[in-house]
Protein chains: 2
Amino acid sequence: MKPTNRRPLTLRDVSEASGVSEMTVSRVLRNKGDVSEATRLRVQEAAKRLGYVPNKIAGALASQRVNLVAVIIPSLGNMVFPEVLSGISDVLSGTDLQPVVGVTDYTPEKEEKVLFEMLSWRPSGVIIAGLERSEASRAMLAQAGCPVVEIMDVDGEPVDACVGISHRRAGRKMAEAILENGFKRIGFLGTKMPLDHRARKRFEGFTQTLAKAGLEIADQEFYSGGSALAKGREMTEALLKRTPDLDFLYYSNDMIGAGGLLYLLEKGYDVPGQIGLAGFNGVELLDGLPRKLASMDACRREVGERAAKIIADRVADPDADEGLVIELTPKLHPGETLNRI
Amino acid sequence: MKPTNRRPLTLRDVSEASGVSEMTVSRVLRNKGDVSEATRLRVQEAAKRLGYVPNKIAGALASQRVNLVAVIIPSLGNMVFPEVLSGISDVLSGTDLQPVVGVTDYTPEKEEKVLFEMLSWRPSGVIIAGLERSEASRAMLAQAGCPVVEIMDVDGEPVDACVGISHRRAGRKMAEAILENGFKRIGFLGTKMPLDHRARKRFEGFTQTLAKAGLEIADQEFYSGGSALAKGREMTEALLKRTPDLDFLYYSNDMIGAGGLLYLLEKGYDVPGQIGLAGFNGVELLDGLPRKLASMDACRREVGERAAKIIADRVADPDADEGLVIELTPKLHPGETLNRI
DNA sequence: TTGAAAGCGCTAACAG
DNA sequence: CTGTTAGCGCTTTCAA
């Protein structure tokens, strides 16, 4: 089967093939307005026979409406974002809206570019991760003329609506749980990403609560690139070599936490008796680990669902929910690496 | 910062603000044609000051060109596809083309829908996973009037171009390696997905090679849904409980393989002395496992890169590479769970 | 180097 | 229920 037709078909072709006016053909193809059953059938038959695919570009220009929702996230490799997407996608599939994904690689420059590119298609809404961005990006969002939902974080000033958790609060909560369990010599392992503001806020909340208890991070280690699982091992080894008396390791994500856990169990550490562990995100992966890693669930699916809901509602009624801020509560999963009974 | 302007700006607004004709404004904004430095600056200043974002819908309709490449894949949760995407994205970022992702959830119906939806935006090219699809989908691709690259598999009849590995060959190759190492009682663990044609073909190639050696799969187990790592554990346990004398387990993906590996090591099995293991995909994750799982690399990144290259070349020159088929060679990574020296 | 006119393929609005 | 008439905001083409 080889490409046959260079010129894509137009409404006119269907109109001629069916002997019905373009306008009526358009009505049939959009299920809009009343059309007699007879004409409907003739048109549908002709459209299908010819293999007509409507031109949404022309349709969008004429109707001034585009059923696309721009979804802008930092990365797809993270497991976290696909889950948000799937929440969005589930909700939107109940409407006629369609998500379109753009990726920023955690850089404000790329974000600006992607945002500009997507807005130039005049989407019906924008869902975008985080609250920190360039002035130019904020300006574009403010002028977009469509609903904007910033997601995954609520610690900051949204342009419009906002759904997420407070990462500062999440960091504090984890610190409290660790302190309650009597851990004192705490190490931190994270990513070398100054632009991951959510990780930064968790870290701030974490250290802040430790400080209140008169403690500080005893040692820390950062990585970038490579297999997170392998890096978790390496960093854990390096950290404990340098500071052997640590009794707790707080990882900025579950993947490196899992690597650390595997390493410690292999080396015969008593977890959590001798050393406690916790990660962040509550990823599904944890279920298969030899011991369940403590973590905190960032409500990723729900974030996606709520954000999509806000867009859908606003598309239906432009005044609904303007500037709405939804703070979700991250749940602590103590797993088997945090509680010393 | 609140949304200020309901009506998005048009070229005309910039034209009026700068005192330059719409046409010349358009030229400046697209770097097309000769414009005097003076006018160029005035226009750029005005556009930036107003925060003008061009309307690509109108532009695309007028110019009959869209710089979008439709990328259609079964899932984002799989880790495999984000890697392909990143290959595509890397290559396209060197052009003015932009990928747009659609997800089919491994169903032909959703694929048909997504494909129709994307084609109705008249993309410059289509990259789509797999070779098996409904007649309607094939027809749409054939009529699309743009380059089409089917990826990840070469065992079948492409509509146009094609880049991937032969999964049948991959299955055979793995079987050969297993046989060479003297394993005889082989179990298979996979997903319950009749529509995952690539997994099916690997399985066929695998059993076919076993058959030539007078062997067959001794037992098998399938799963669907849930944490793949956890499922890998459960299935492994179930399989060995039922058929304790297996000496090799072939997993249809690395994640369940990793779960199985963790389970076996925990239970004190001698791997690969007592029982050998292999997965498929060569995911990065494997580097952090206690013992490196044997696997086979599906060249995911390269597949993405090559596919994007084909599209880019064809956009530049419509006659380039038509119907090109590129078969990549999957590499076997024996890891530490296959070779008994 | 700049501008004016004529659509791109479709749909809103109105008339029959 | 069906058709006609005007654009949507931009770019192509041609003229100045």
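Note that the structure is a prediction, hence the values are computed from the model and not measured. Letters A, B, ... are given to chains in the order of the sequence lines, protein chains preceding strands, and every chain is numbered from 1.
Looking at residues two or more places apart in sequence or on another chain, you find no salt bridge (Lys or Arg N to Asp or Glu O under 4.0 Å) involving D321(B). When the side chain to side chain donor-acceptor pair (under 3.5 Å) test is applied to S26(A), the partners found at least two apart in sequence or on another chain are R30(A). Judged as a side chain to side chain donor-acceptor pair (under 3.5 Å), and not counting sequence neighbours, S120(B) has no contacts. For R306(B), the salt bridge (Lys or Arg N to Asp or Glu O under 4.0 Å) partners two or more places apart in sequence, or in a different chain, are E302(B). Qualifying side-chain contact (heavy atoms from CB on, under 4.5 Å) partners for N55(A), counting only residues two or more places apart in sequence or in other chains: I57(A), A58(A), R122(B). Not a single salt bridge (Lys or Arg N to Asp or Glu O under 4.0 Å) links E112(B) to another residue, sequence neighbours left out. Judged as a salt bridge (Lys or Arg N to Asp or Glu O under 4.0 Å), and not counting sequence neighbours, E157(B) has no contacts.
Distance CZ (R12(B)) to P (dG3(C)): 14 Å, rounded to an integer number of Å. As rounded to whole Å, 14 Å separates atom P of dT2(C) from atom CG of L29(B). Taking atom CG of residue L61(B) and atom C1' of nucleotide dC10(D), one finds them 8 Å apart after rounding to whole Å. Whole-Å rounding puts the R7(B) CZ to dC8(D) C1' distance at 13 Å. Regarding I57(B), its CD1 atom lies at a distance of 13 Å from the P atom of dT11(C), rounded to whole Å. The CZ atom of R122(B) sits 11 Å away from the C1' atom of dC10(C) (whole-angstrom rounding).
In the displayed structure, K113(B) atom NZ is contacted under 6.0 Å by at most 12 heavy atoms of other residues, nucleotides or ligands. Counting heavy atoms of neighbouring residues, nucleotides and ligands inside a 6.0 Å radius, atom NZ of K56(B) exceeds 12 of them.
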Next item on the list: Sugar-phosphate means primed atoms, P, OP1 and OP2; the rest is base. With that split, encode nucleotides 11-16 of chain D 5' to 3' as B, S or - using protein heavy atoms under 4.0 Å.
Entry: BBB---
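Remark on DNA chain C: of its neighbouring residues V35(B) and V53(A), the 5'-side contact belongs to V35(B), judged by nearest-heavy-atom nucleotide.
An OP1 or OP2 oxygen of dG9(D) is reached within less than 4.0 angstrom by no side-chain nitrogen or oxygen of T10(B). OP1 and OP2 of dC10(D) both lie 4.0 Å or more from every side-chain N or O belonging to Q64(B). Proximity of Y52(B) to the phosphate of dG9(D): no side-chain N or O atom is located under 4.0 Å from OP1 or OP2. At the phosphate of dG3(C), OP1 or OP2 sits under 4.0 Å from a side-chain N or O atom of S21(B).
Looking at residues 38-49 of chain B, you'll see that no heavy atom sits under 4.0 Å from any atom of DNA chain D.
Using a 4.0 Å cut-off between charged nitrogen and carboxylate oxygen, E16(B) and R12(B) count as a salt-bridge pair.
In this structure, D34(B) reaches the bases: a heavy-atom distance under 4.0 Å links it to at least one base atom across the strands shown.
Across its full length, the helix from dT1(C)-dA16(D) to dG16(C)-dC1(D) shows an angle of 30° between the axes of its 5 terminal pairs at either end, rounded to 10 degrees.
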Return a table of donor-acceptor pairs under 3.5 angstrom between the side chains of residues 40-48 of chain A and protein atoms on other chains or two or more places apart.
| from | atom 1 | to | atom 2 | distance (Å) |
| --- | --- | --- | --- | --- |
| R42(A) | NH2 | S18(A) | O | 2.5 |
| E45(A) | OE2 | R49(A) | NE | 2.9 |

Residues 60-72 of chain A side chain polar contacts: donor-acceptor under 3.5 Å, at least two apart:
| from | atom 1 | to | atom 2 | distance (Å) |
| --- | --- | --- | --- | --- |
| S63(A) | OG | G59(A) | O | 2.8 |
| S63(A) | OG | R65(A) | N | 3.3 |
| N67(A) | ND2 | D96(A) | O | 2.9 |

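Side-chain atoms of V20(B) lie closest to dG3(C) of the nucleotides dC1(D), dG3(C), dG9(C). When each of dG9(C), dT1(C), dC1(D) is scored by its nearest atom to the side-chain atoms of S36(B), the top-ranked nucleotide is dT1(C).
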